[in-house]
Amino acid sequence: MADKIRCAHILVEKFSQAQEILDLLRKGADFAKTAEARSIDGSRRRGGDLGYFGRGMMVKPFEQAAFALEKGQVSDIVKSEFGYHIIKRLD
């Protein structure tokens with residue numbers, strides 16, 4: 001089990017927005033470009049890249065989904081207190 005992982009995410013306010021984005025990604029849209037265009041999080045300027053983080057550094061639903069991903073894998077929609085995330089594991 002990795003101590004730290006590197007992920008990117010796209011954060012939106014509504015489930016319907018997240019579903020639309022997930023559909024685009026599954027059709028081959030570029031994750032980083034989609035994050036820059038659609039995410040409401042400050043990480044959008046880096047294509048959604050959150051850098052490396054360990055357990056206990058992110059909200060629980062986000063952390064559980066992120067650590068369950070394999071390198072290059074994109075999550076389903078993850079709801080947290082901040083909104084709806086789509087997470088991609090980068091490392």
Side-chain angles (χ1 to χ4, degrees):
M1 185 68 65
D3 290 304
K4 289 192 173 184
I5 59 171
R6 182 174 167 219
C7 292
H9 80 143
I10 298 169
L11 175 66
V12 293
E13 293 175 345
K14 296 180 182 160
F15 182 86
S16 59
Q17 294 169 309
Q19 188 61 62
E20 183 182 324
I21 291 167
L22 190 58
D23 291 343
L24 289 172
L25 294 171
R26 288 183 173 155
K27 289 177 185 164
D30 181 86
F31 193 95
K33 288 180 180 164
T34 304
E36 287 173 21
R38 306 287 296 272
S39 185
I40 59 172
D41 183 70
S43 68
R44 69 186 290 174
R45 292 184 295 281
R46 300 181 303 277
D49 192 342
L50 297 167
Y52 286 90
F53 58 89
R55 292 189 183 276
M57 296 176 68
M58 300 291 183
V59 293
K60 210 49 152 172
F62 185 98
E63 177 184 302
Q64 288 173 335
F67 275 88
L69 296 171
E70 300 290 328
K71 180 180 178 180
Q73 189 179 10
V74 175
S75 72
D76 287 326
I77 297 164
V78 178
K79 186 178 188 324
S80 80
E81 63 218 58
F82 299 106
Y84 296 90
H85 307 262
I86 299 167
I87 308 163
K88 181 175 183 178
R89 180 141 175 201
L90 300 176
D91 77 337

A.B. asks: Can you list everything that forms a side chain to side chain donor-acceptor pair (under 3.5 Å) with R44? Sequence neighbours excluded, please.
C.D. replies: none
A.B. asks: Looking at every non-hydrogen atom in both residues, tell me the closest pair between F67 and G54 and how far apart they are.
C.D. replies: CZ-C, 4.0 Å
A.B. asks: Assigning hydrophobic clusters by single linkage (Ile, Leu, Val, Met, Phe, Trp, Tyr; side-chain heavy-atom cutoff under 4.5 Å), is F15 placed with L25?
C.D. replies: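 Yes.
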A.B. asks: Could you note down all residue pairs passing side chain to side chain donor-acceptor pair (under 3.5 Å) where residues 21-31 supplies at least one of them, sequence neighbours left out?
C.D. replies: Q19-D23, R26-D76
A.B. asks: What closest approach, in Å, do G48 and A35 show between heavy atoms, and which atom pair accounts for it?
C.D. replies: N-CB, 3.8 Å
A.B. asks: What pair of heavy atoms forms the shortest contact from A29 to T34, and how long is it?
C.D. replies: CB-OG1, 3.8 Å
A.B. asks: Could you label the plane-to-plane angle of the H9 and H85 rings as parallel, tilted or perpendicular, counting under 30° as parallel and over 60° as perpendicular?
C.D. replies: parallel
A.B. asks: So which pairs with a foot in residues 57-75 pass side chain to side chain donor-acceptor pair (under 3.5 Å), sequence neighbours left out?
C.D. replies: none
A.B. asks: The criterion is salt bridge (Lys or Arg N to Asp or Glu O under 4.0 Å); which residues satisfy it with D41, sequence neighbours excluded?
C.D. replies: none
A.B. asks: With a 4.5 Å cut-off on side-chain heavy atoms, are Y84 and Q17 touching?
C.D. replies: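 Q17 vs Y84: side chains apart.
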A.B. asks: Taking all heavy atoms of V78 and all of A65, pick out the closest pair and write down the distance.
C.D. replies: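 In this case the closest contact between V78 and A65 is CG2-CB, 3.5 Å.
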A.B. asks: What is the minimum heavy-atom distance between P61 and K79, and which atoms define it?
C.D. replies: CB-O, 3.4 Å
A.B. asks: With the 4.5 Å side-chain cut-off for hydrophobic clustering, are L69 and V74 part of the same group?
C.D. replies: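 Looking at the clustering, V74 is in a separate group from L69.
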A.B. asks: Roughly how far apart are L11 CG and I40 CD1, rounded to 0.5 Å?
C.D. replies: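 Output value for this atom pair is 4.0 Å.
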A.B. asks: So which residues get pulled into L90's cluster when ILVMFWY side chains under 4.5 Å apart are joined, directly or through others?
C.D. replies: none
A.B. asks: Do I77 and V12 sit in one hydrophobic cluster, given that two such residues count as connected whenever their side-chain heavy atoms are within less than 4.5 Å of each other, even indirectly?
C.D. replies: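 Cluster IDs for I77 and V12 match.
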A.B. asks: Is I5 reachable from M58 through a run of hydrophobic residues whose side-chain heavy atoms are each under 4.5 Å from the next?
C.D. replies: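 Yes, same cluster.
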A.B. asks: Do I87 and F82 land in one hydrophobic cluster if side-chain heavy atoms of ILVMFWY residues count as linked below 4.5 Å?
C.D. replies: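 Looking at the clustering, F82 is in the same group as I87.
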A.B. asks: Which residue pairs pass the salt bridge (charged side-chain N to carboxylate O under 4.0 Å, His left out) test with at least one member in residues 5-20, sequence neighbours excluded?
C.D. replies: R6-D49, E20-R38
A.B. asks: Minimum heavy-atom separation for A66 and F53, please, with both atom names.
C.D. replies: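 In terms of heavy atoms, the two residues are closest at CB-CZ, 4.0 Å.
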A.B. asks: Do other residues, nucleotides or ligands put more than 12 heavy atoms under 6.0 Å from R46 CZ?
C.D. replies: yes
